[in-house]
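Data first, discussion second: the structure below is written as structure tokens.
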Amino acid sequence: MTSLLSAPYPSLVKTLRTYTLLALMPLMAATAFSQPPSAHRFAVEGDHFTLNGKPFQVISGELHYARIPRQYWRARLRMARAMGLNTIATYVFWNVHEPQPGVFDFTGNNDLASFIKMAQEEHLKVLLRAGPYSCAEWEFGGFPAWLLKDPKMATALRSRDPAFMTPAEHWIRRLAQELGPLQVDNGGPVIAVQVENEYGNFSNDHIYMKQMYDLFLRAGFNKALLYTVDPSKALANGMIEGVYSGVNFGTGRAKPAFEALEKLRPGQPLFATEYWPGWFDLWGHPHETRPVGPQLEDLNYILSHNGSVNIYMIHGGTSFGQMAGASQSTGAYRGNVTSYDYDAPIDEAGHPTAKFYAYRDVILKYTHEKPLPVPSTTPVIAIPEFRLAPTASLWKTLPAPVKSEEPLTMEQLDQSYGYVLYRKQLTDPVDAVLKLDHPYDFAVVYLDGKQVGTLDRHYHQDAIPLKTDGPSRLDILVENTGRLNSTKWMRDERKGFRAAVLGEKPLTGWEIYSLPMQTPPQAGAASADGPHFSSGSFTLKTVGDSYLDIRSLGKGLIWINGHPLGRFWNIGPQGTLYVPAPWLKKGRNDVAIFELLSTAPSPTLKGLNAAILDAPTPGYESDPERHKKKSDDGEFGTKLAAPADATKKPVP
């Protein structure tokens, strides 16, 4: 018997298929409409956001997992929730997760998945600011320093060049493996993932931004809303057509910023993706604060216009170790201080401030929620005074050198942070000027172990006179004070120096010592003359948070019980370093420092029960930058590192 579906009956087969389809259509339609929408979805619907099909106003605060000891993650999240927030935001810092090419770390304080899961447990949604560029006053804006070993980064960084895009894609793919399951469509708390960051401040290559967006989709970030952010004046430069965009701005700018966003993206939800209630601090520059009154006006404006907000920062925390970046926002290079308190509503130690309660009152006025109990905080203790004693001269603890005819930068040495020592034997008497090519960032020059002088990038210093009566040993110790975390000048942030000339003669034949300063050496006995390590100890009966008074020290690094607290420098404004209780213990606690500049041979330290973030900044009153005309090429300037083929037409 021949089948009705066989070749001799094509017209009959077509007819049967048509009638069958017509008969099934009502059933199919009924089935489709009877199926509920996805149980988990964050979306743009007209002029508002929806979460699981219901209108949702994002009321978020930013805090960074890497700036908070893991033991305090939950406490900070609970404090954020108690302020009335329904969401938190965090940057992702590529450099802490991929410290070497292809070597990834998502453990301990880098266990970002656990941080995000903890936020979900505390009934908070998450804005994942995935980068790969972050800014955030973080070292090199979150980029790993090893990128700079490739000379192509002088033009490739944050561009379509495969030299940058290939490692960036490898990183984003690896990040998606960790965090993809936590996207909202999968039932996780991550409602939105940010592509790049404030790119409009850097350039206007929309093809690059589209390629970055496609990279995120390929990597697996396709189960949450993808979005971009830019300050109002740079919105058009950084937008991607068809992709949601938010606007960043500071105190007093809510109305004009929202108007700028509305003009470029009429009808879409209004979102202050960064609202700045404070600002960052720089070494040698007075402490920054912002008045709360205008902020409350801004917050009322945002929420009353059905806008969403991410308060940057809700809790700043601390750039522990050597993770503080640097800025040229004041006109000249300055490193960021260790503290990232940011004048935020929740202070560096996790305590609610007056700004916390004022913000909460405004938020609850619009959410109509009852205030949650404010969580208790860790007690703050005063650490008893103790004395430091020199334990090791740097000259006696040097590793094996790398020999090179030309100076090598830190990145060429496969080193990311710390110091580099350049040594050269001078065979003849000298009476000439030593000039360095790009001394980044602070150099101390020695002859036969004795300090001759210093060179500070902030003051554009690159030359120093040398005079000897005979042969001598030249040492140049260069500190990485933090790589710039924004602007096109990031592309040139290789540390150390690149060439040296003595008089008219180029200096060659160097011994180069890599000094990453991850841990201090074993204690011994030494002189305080020259760069050296010192140590001391104190005893506690009970532990708590504290603020270590560092005003008796010069310039360098400090560790407590092996934990890197951060940098210190006696030019202010930071006079104390935050010491979290989990890093202390009952009984003996050990402190070690590396002191770059000679000070008292046995300085005393103690822990205070309050921070000093506004210490004097000697020399600032006469600083040339205070009288410099504001440049168009500043931190948020208008000049672009635009590629030749970048479109000039604003994104619709």
Side-chain angles (χ1 to χ4, degrees), residues 284 332-333 335 390 392-410 412-413 415 418-481 492 494-515 517 526-533 554-556 569-571 594-599 601 619 622-624:
Y333 170 92
S393 167
L394 179 68
W395 311 130
K396 300 293 182 66
T397 60
L398 296 175
V402 173
K403 296 184 178 182
S404 173
E405 281 300 296
E406 302 297 329
L408 300 176
T409 66
M410 185 176 284
Q412 289 173 309
L413 296 168
Q415 180 186 343
Y419 303 74
V420 179
L421 175 66
Y422 299 87
R423 175 167 287 179
K424 166 71 179 174
Q425 298 295 330
L426 304 177
T427 57
D428 300 310
V430 171
D431 188 359
V433 172
L434 172 69
K435 185 175 177 61
L436 303 181
D437 179 11
H438 286 76
Y440 281 2
D441 302 304
F442 188 90
V444 187
V445 181
Y446 306 86
L447 285 172
D448 293 325
K450 302 298 182 181
Q451 180 176 316
V452 176
T454 62
L455 300 174
D456 189 339
R457 178 180 175 185
H458 171 71
Y459 296 106
H460 311 289
Q461 297 167 342
D462 62 2
I464 189 169
L466 300 182
K467 186 173 183 179
T468 69
D469 296 327
S472 58
R473 188 188 77 210
L474 172 66
D475 285 310
I476 307 170
L477 182 57
V478 186
E479 177 192 66
N480 169 3
T481 311
D492 195 39
R494 292 170 290 158
K495 298 304 185 180
F497 63 86
R498 299 165 202 182
V501 176
L502 186 58
E504 302 296 325
K505 181 182 178 181
L507 290 182
T508 58
W510 295 90
E511 290 185 327
I512 307 170
Y513 299 83
S514 177
L515 305 168
M517 296 291 184
S527 166
D529 186 29
H532 64 278
F533 297 89
K555 179 176 177 57
W569 197 354
N570 59 8
I571 64 172
F594 172 68
E595 176 63 81
L596 180 62
L597 303 176
S598 296
T599 57
S622 59
D623 195 309

Kindly give the heavy-atom pair with the smallest separation between [X] and [Y], and that separation in Å.
| X | Y | result |
| --- | --- | --- |
| Thr468 | Asp428 | OG1-O, 4.0 Å |
| Pro471 | Thr427 | CG-O, 3.4 Å |
| Gly418 | Met410 | O-CE, 3.6 Å |
| Pro601 | Pro390 | O-CD, 3.3 Å |
| Val433 | Ala463 | CG1-CB, 3.8 Å |

Mind checking whether [X] and [Y] have side chains closer than 4.5 Å, heavy atoms only?
| X | Y | answer |
| --- | --- | --- |
| Leu596 | Leu394 | no |
| Leu434 | Leu507 | yes |
| Val478 | Leu436 | no |
| Tyr459 | Asp623 | yes |
| Asn570 | Lys555 | no |
| Thr454 | Leu597 | yes |
| Asp431 | Pro465 | no |

Check ring pair (Phe, Tyr, Trp, His ring centres under 6.0 Å) between Phe594 and all other residues, then give those that pass, not counting sequence neighbours. Tyr419, Phe533

Which pairs would a plain distance check flag for residues 442-453, meaning a side-chain donor or acceptor within less than 3.5 Å of a matching protein atom at least two apart in sequence or in another chain?
| unit_1 | atom_1 | unit_2 | atom_2 | d |
| --- | --- | --- | --- | --- |
| Asp448 | OD1 | Arg473 | N | 2.9 |
| Lys450 | NZ | Asp529 | OD2 | 2.9 |

In sequence, state the C-alpha distance, the side-chain angles, and the governing distance for Leu515 and Leu477, and then conclude on side-chain contact (heavy atoms from CB on, under 4.5 Å). CA-CA 10 Å; Leu515 305 168; Leu477 182 57; 3.9 Å; yes

Would you please test Thr409 and Val420 for side-chain contact (heavy atoms from CB on, under 4.5 Å) and show each step? CA-CA 8 Å; Thr409 66; Val420 179; over 6 Å; no

Checking the side chain of Gln461 only, and the main-chain atoms of Asp456 only, is there a donor and an acceptor separated by less than 3.5 Å? yes

Atom pairs and distances, donor-acceptor, side-chain atoms in residues 496-506, under 3.5 Å, two or more places apart:
| unit_1 | atom_1 | unit_2 | atom_2 | d |
| --- | --- | --- | --- | --- |
| Arg498 | NH1 | Asp492 | OD1 | 2.9 |
| Arg498 | NH2 | Asp492 | O | 3.0 |
| Arg498 | NH2 | Asp492 | OD1 | 3.3 |

By side-chain hydrogen bond (donor to acceptor under 3.5 Å, both in side chains) - contacts of Lys424 (at least two apart):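 With neighbours one apart ignored, the set is empty.
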
Partners passing side-chain hydrogen bond (donor to acceptor under 3.5 Å, both in side chains) against Asp441 (at least two apart in sequence or in another chain):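 Asp441 satisfies side-chain hydrogen bond (donor to acceptor under 3.5 Å, both in side chains) with Tyr333, Arg457, Lys495 once adjacent residues are dropped.
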
Which residues pass the side chain to side chain contact (heavy atoms under 4.5 Å, CB included) test with Glu511, sequence neighbours left out?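 With neighbours one apart ignored, the set is Pro401, Lys403, Arg423, Tyr513.
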
